[in-house]
Amino acid sequence: MTMDKTFNAAEAEARLSKAWIEGGAFRAGANQSRDESFCIMIPPPNVTGSLHMGHAFNNTLQDILTRWHRMRGFDTLWQPGQDHAGIATQMVVERELAETNMRRTDFSREDFVARVWQQKEKSGGTIIEQLMRLGASCDWDRNAFTMAGAPGDTRHGHEASPDFHYAVLKVFVDFYTKGLIYRGKRLVNWDPKFETAISDLEVENIEVDGHMWHFKYPLAGGATYEYVETDEDGNVTLRETRDYISIATTRPETMLGDGAVAVHPDDARYAPIVGQLCEIPVGPKETRRLIPIITDAYPDPDFGSGAVKITGAHDFNDYDVAKRNGIPLYRLMDTQGAMRADGLSYADSAAKAQAIIDGAELSEAGVDQINLVPDAYRSLDRFEARKAIVAAITGEGLAVMHDVTRTDKESGAEITETLPLVEAKKIMQPFGDRSKVVIEPMLTDQWFVDSAKIVEPALEAVRDGRTQILPEQHRKVYFNWLENIEPWCISRQLWWGHQIPVWYGPKERSPAGGGDGSDATVERMEFCAPTPAAAAELAKAYYEGDYGIIVEGQGAASSEQPVIQLVRDPDVLDTWFSSGLWPIGTLGWPQETEELARYFPTDVLITGFDIIFFWVARMMMMQLETVKEVPFHTVYVHALVRDEKGKKMSKSLGNVLDPLELIDEYGADAVRFTLTAMAAMGRDLKLSTNRIAGYRNFGTKLWNAARFAEMYGCKPAPMPETLIQTVNKWILGETARTRIAVDDALGQYRFNDAANALYAHVWNVFCDWYVEFSKPLLQGEDGPAKAETQAVMAWALDQCLLMLHPIMPFITEELWGSIADRPKMLVHGDWPMFGTEIADPAADAEMGWVIGLIEQIRSVRAEMNVSPKAKTGLVMVAADGSARTRLETNWALISRLARVESVEWAEAEPSGAVALPLPGATACLPLAGLVDVAGEGKRLEKALGKLGKEINGLSAKLGNEKFLAKAPEDVVAEQRERLAEAEAEALRLRRAQERVAALG
RNA sequence: GGGCGUAUAGCUCAGCGGGAGAGCACUUCGUUGACAUCGAAGGGGUCACUGGUUCAAUCCCAGUUACGCCCACCA
């Protein structure tokens, strides 16, 4: 069978992929021949996701390491799986519903979740197929899912996944029991689109054009004070009588919820009015609220007016100030970011708020009933309300005014107008990273992980090197975030996810009338347990006495005894809480599985920098808290794949390269090799199709080299004990050096170095030289030499295939199979382990000499415009015998590649010849008649110029006593040697110059 | 406001205390049966700037400039 002229990537990739998977080539432990294990956890892509360039990059690197270890006989597992991706996935389904004008609330929770499971079945397999097309050698039989085992689980596509749901709930319960998780009413980031709380990390602060309005808060009862501004030296710059305090805000709609105005305690301007009341200038005049002017360290006297309105329920800074000063928190908005319409009437609310100012005490729930949104603004969207409020205040003359001078277009006169002070300002505004809508700080009940309590081991593990972060610059980022860790809000008001395993019952032990749980939202008992039955057990113990316990959704009461109804917390957990358990969860924890024992802690995590906080840090904390071990020994953080201009790939820019389209066009190997070759640690890569095409050509080159080998019958065969041919000895050494370089590079996660070493070896050494050198031997009459070369050629090619396989699995597997029938596929090939013991220094030196000679002859011929077809003679002036031996043993090679047809030996260099310096000899090309005298003169001139510079530099250095005294001996010796060589060559060049001059 | 990163050939980037490299692009030449998705030869760089350390700096240190990224509550 002869090989096809080209590699048919599309056909071969599909066929080989199938063969690997059906043959179980990727199973955990496949090809194992040693004790050590090697395990990588895939960063689980979203179930609804599809493969983008980042995935392609990330998974290529993981696959390289996995294949490399598998070939080296490690007990290897690359664990695949998907993430349920709470918000992202629910969003997909809700969007679909929206097309038919339906909402999630049109369904029961159970039905909606069932729809999401259907969606998951529909699209969950896509990314797996795409990863398979990339060649990812995951153990697909173990495909896991972060919501496996949760109610409604269809097990589709992740049949073997452990009960992840149980593991997640168990960790929640454990953390709860240990006091690491708590529930409380806190100000959280609220996404009005998805109507859920989100964590700090899910908020993107983006600079937008905003406005800062300045409004007057009149002092109560028309009081006045003398407002005095001074400059740095204490000189009075402004003195006026005011009956108001000036307040700046970028969000006027929140004024309705103000609880106080704060000034800095040292701010002399406002000292006269501290303790007084001022009026919020919004709403029906007769019921405007009065709020106190207080002091707090928070306001910066140098910013704005120096006075800050305190809206505790709608701003994070204000929240802290309010907490410190006992200022009530008034919630103004509903879950969709519209102004509230629920709760008490405005009049009642204002009255109650006033009562609080006057000293009345209200329960938390009582305060929440207060709705300070006037009727005119109720139900308005927050941005509509903002407009209306600004208009109302301005119309009433309570905006701070300032003079604006402009030049009238028609008359050219300068006109000064007094206008409301509205500063156009760049402000950092928070947006939901998924919803892209403005996030609202919102006062709600949420669950939190008290991260500060579990952070220390995660810091310590990186500090002491149990977990290594590469590249190292990311360590700082990691430390910095963890050292300043904030509580992690883990509850989400969604339906898709792990429902929080907490059940509520009435606080009182004697629920009158059977305890219908009507006040359960106010004061209640929490029962945290991984299952409803366990929760009921806990409740039974608490409600000691003769109660029946009814757990939500677990059937009705049967007896006549009083009944306690347990209601489950409706919220689900942040996706990252469950993916934070990915390493142990996929290995079957909390069962003590064999996999856990073999593969945990895992070896390396390969991930993008964008999820260091989201995921890596959380995994560290959660694994260390749960099983007291680091989840992985190394974190390799890769950079971003950008477009060829360095722009981030984005749909809106339209510069997205689809890895699947690239695979279709260039083949998976070309895409993989490109990404690998560009994977310099810590540096973004700019991907261009041009580059991919180049590496596709590399595959073709390899293919053709194999065709050449096949053509000359180079089949894998035992090599002779002793090699005779120098080229064959030499290629062994070259191969060994490459093997060392590749292993070295991969061992240090220097993927680009590995790729480049292989590229250079295959193309520049194997193809450019060895294949060419082999031709006279393979085509010649010398039987033993031919046989030896065939065997060595086959061997050297095999080594190329073996070493390239982790990066280019398909073409190498295809070649491996077409070269010979083998006991094992290449995917299970035995990675070369030989070192330089198989090299032969004498052969290396000899081939170096031969290559040098050929290159010099070619160079001269090209520059002299000698026709490539013309053959020339060669005159050798030998300084010692070794040169003669070298030339004669390699004459066939030299003659062919340098196109010289004869050689004669002379005592002196003939005139009219170009002299080429070599170790131990001078090679002379008698090109009389062919020589372009002027050209040769120029060439020599140039070469001498270069040499002159080098000689000057070296002599200066060697003339420097300090250098001789302080530099290491070997460096001095090396410089001396270089100087001697340079001088010798310069001498030869000068003699050649003379001869050329004589010719002219 | 903090923190980090990057400046090397026309382009994209490796490298890194003692001889400036690769790929692409460019120029010239080439259909010798592996390969024109190729071969051979070649041009091209005060390694951003300024100081310092050193016998020696593209590389280490400090500063400057430009660009990029991350984090952060200035109303």
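Below, chain A is the first sequence line, B the second, and so on; all start at residue 1. Just so it is clear, the model here is predicted, and its values are computed rather than measured.
The stretch residues 301-308 of chain A comes close to RNA chain B through Phe303(A), Gly306(A), Val308(A), each having a heavy atom under 4.0 Å from the strand. Less than 4.0 Å separates RNA chain B from no heavy atom of any residue of residues 198-210 of chain A. Using a 4.0 Å cut-off on heavy atoms, the residues of residues 756-772 of chain A that approach RNA chain B are Trp763(A), Cys767(A), Asp768(A), Val771(A), Glu772(A), listed by number.
Looking at the side chain of Lys962(A), the nearest of the listed nucleotides C35(B), C55(B), A75(B) is C55(B). Which of A41(B), C71(B), A34(B) sits closest to the side chain of Lys775(A) comes down to A34(B). Closest to the side chain of Asn704(A), from the set U37(B), C35(B), G18(B), is C35(B). Side chain of Met428(A), nearest nucleotide from A75(B), A72(B), C70(B): A72(B). Of the candidate nucleotides A36(B), G42(B), G18(B), G42(B) has the atom nearest to the side chain of Ser859(A). Of the listed nucleotides (G19(B), C71(B), A34(B)), G19(B) has the atom at the smallest distance from the side chain of Gln975(A). Closest approach to the Lys869(A) side chain among G18(B), U31(B), A40(B) is made by U31(B) (side chain taken as heavy atoms from C-beta onward). Listed candidates were A34(B), G30(B), A75(B). Nearest to the side chain of Ala705(A) is A34(B). Candidate nucleotides A75(B), G19(B), A72(B) were compared by shortest atom distance to the side chain of Ala248(A), and A75(B) ranks first. Ranking U37(B), G19(B), G33(B) by closeness to the Glu950(A) side chain, first place goes to G19(B).
Distances shorter than 4.0 Å separate some side-chain N or O of Lys425(A) from OP1 or OP2 on A75(B). Between Lys701(A) and the phosphate of G39(B), there is a side-chain N or O to OP1/OP2 separation shorter than 4.0 Å. Applying the 4.0 Å criterion to OP1 and OP2 of C29(B), one finds that Arg861(A) has every side-chain N and O outside that range.
For Lys871(A), the side-chain contact (heavy atoms from CB on, under 4.5 Å) partners are Arg899(A), Glu901(A), not counting sequence neighbours. For Ala755(A), the side-chain contact (heavy atoms from CB on, under 4.5 Å) partners at least two apart in sequence or on another chain are Phe673(A), Thr676(A), Ala677(A), Ile807(A). Every side-chain contact (heavy atoms from CB on, under 4.5 Å) that Glu207(A) has, sequence neighbours left out, goes to Lys426(A), Met428(A). Residues forming a ring pair (Phe, Tyr, Trp, His ring centres under 6.0 Å) with Phe431(A) (at least two apart in sequence, or on another chain): none. Taking the salt bridge (charged side-chain N to carboxylate O under 4.0 Å, His left out) definition, one finds that Arg269(A) meets it with Asp267(A), sequence neighbours left out.
With ring centers used as reference points, Phe751(A) lies under 6.0 Å from Tyr636(A).
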For residues 303-316 of chain A, please give each side-chain donor-acceptor pair under 3.5 Å, one per line with the distance, not counting sequence neighbours.
{"from": "Ser305(A)", "atom 1": "OG", "to": "Ser246(A)", "atom 2": "O", "distance (Å)": "2.4"}
{"from": "Ser305(A)", "atom 1": "OG", "to": "Ala307(A)", "atom 2": "N", "distance (Å)": "3.2"}
{"from": "Lys309(A)", "atom 1": "NZ", "to": "Thr254(A)", "atom 2": "OG1", "distance (Å)": "2.7"}
{"from": "Lys309(A)", "atom 1": "NZ", "to": "Asp258(A)", "atom 2": "OD1", "distance (Å)": "2.9"}
{"from": "Lys309(A)", "atom 1": "NZ", "to": "Thr311(A)", "atom 2": "OG1", "distance (Å)": "2.7"}
{"from": "Thr311(A)", "atom 1": "OG1", "to": "Asp258(A)", "atom 2": "OD1", "distance (Å)": "2.6"}
{"from": "His314(A)", "atom 1": "NE2", "to": "Leu332(A)", "atom 2": "N", "distance (Å)": "2.8"}
{"from": "Asp315(A)", "atom 1": "OD1", "to": "Asn317(A)", "atom 2": "N", "distance (Å)": "2.8"}
{"from": "Asp315(A)", "atom 1": "OD1", "to": "Asp318(A)", "atom 2": "N", "distance (Å)": "3.0"}

Return all side-chain donor-acceptor pairs below 3.5 angstrom for residues 687-700 of chain A, not counting sequence neighbours, or 'none' if the list is empty.
{"from": "Ser688(A)", "atom 1": "OG", "to": "Arg691(A)", "atom 2": "N", "distance (Å)": "3.3"}
{"from": "Arg691(A)", "atom 1": "NH2", "to": "Tyr695(A)", "atom 2": "OH", "distance (Å)": "3.4"}
{"from": "Thr700(A)", "atom 1": "OG1", "to": "Arg696(A)", "atom 2": "O", "distance (Å)": "3.2"}

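Rounded to a whole Å, the CZ atom of Arg896(A) is 12 Å from the C1' atom of A34(B). Regarding Lys966(A), its NZ atom lies at a distance of 4 Å from the P atom of C55(B), rounded to whole Å. Taking atom NE2 of His214(A) as the reference point, atom C1' of C74(B) lies 13 Å away to the nearest angstrom. Between the P atom of C38(B) and the CZ atom of Phe708(A) lies a distance of 18 Å, rounded to the nearest Å. The nearest whole Å value for the distance from the CZ atom in Arg696(A) to the C1' atom in U37(B) is 5 Å. Rounding to whole angstrom units, CD1 of residue Ile854(A) and C1' of G39(B) are separated by 14 Å. Between Glu901(A) atom CD and U32(B) atom P the separation is 19 Å, expressed in whole Å. Rounded to an integer number of Å, the gap from Leu685(A) CG to C24(B) C1' is 16 Å.
Separation of atoms CG (Leu815(A)) and CZ (Arg707(A)) is listed at 11.5 Å; rounding is to 0.5 Å. Here the CD1-CG distance, from Ile951(A) to Leu979(A), works out to 6.5 Å after rounding to the nearest 0.5 Å. Atoms OH and CD, from Tyr712(A) and Gln779(A) in turn, are 3.5 Å apart once rounded to the nearest 0.5 Å. Atoms CD and CG, on Gln429(A) and Asn205(A) in that order, are 9.5 Å from each other to the nearest 0.5 Å.
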Next on the checklist: Determine whether Glu710(A) and Lys715(A) satisfy the following criterion, salt bridge (charged side-chain N to carboxylate O under 4.0 Å, His left out), listing intermediate values before the conclusion.
Outcome noted: CA-CA 7 Å; Glu710(A) 183 198 44; Lys715(A) 288 273 180 190; 5.8 Å; no
Checklist entry - Going through the checks in order, is the side chain to side chain contact (heavy atoms under 4.5 Å, CB included) test met by Ser199(A) and Asn189(A)? => result CA-CA 7 Å; Ser199(A) 76; Asn189(A) 297 296; over 6 Å; no
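Side chains of Val462(A) and Arg475(A) form a contact here, defined as non-hydrogen atoms less than 4.5 Å apart.
Side chain to side chain, Ser859(A) and Gln856(A) fail the donor-acceptor criterion of an N or O pair below 3.5 Å.
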Checklist outcome for this item: Per-nt protein contacts along nucleotides 2-12 of chain B (heavy atom under 4.0 Å; B base, S backbone sugar-phosphate only, - none) come out as --S-SS----S
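Nucleic acid contact class of Ala680(A) (heavy atoms, under 4.0 Å, all strands): sugar-phosphate only. Contacts of Arg475(A) with the nucleic acid, taken as non-hydrogen atoms under 4.0 Å apart, are absent.
Counting only Watson-Crick or G-U wobble pairs whose defining distances are both under 3.5 Å, the stems of 3 or more consecutive pairs in RNA chain B are B:1-7 with B:65-71, B:10-13 with B:21-24, B:26-30 with B:38-42, B:48-52 with B:60-64.
For the pair Glu440(A) and Arg251(A), the salt-bridge criterion is met [side-chain N within less than 4.0 Å of a carboxylate O].
The ring pair (Phe, Tyr, Trp, His ring centres under 6.0 Å) test with Trp481(A) singles out one residue from Phe609(A), Phe613(A), Phe614(A), and that residue is Phe613(A).
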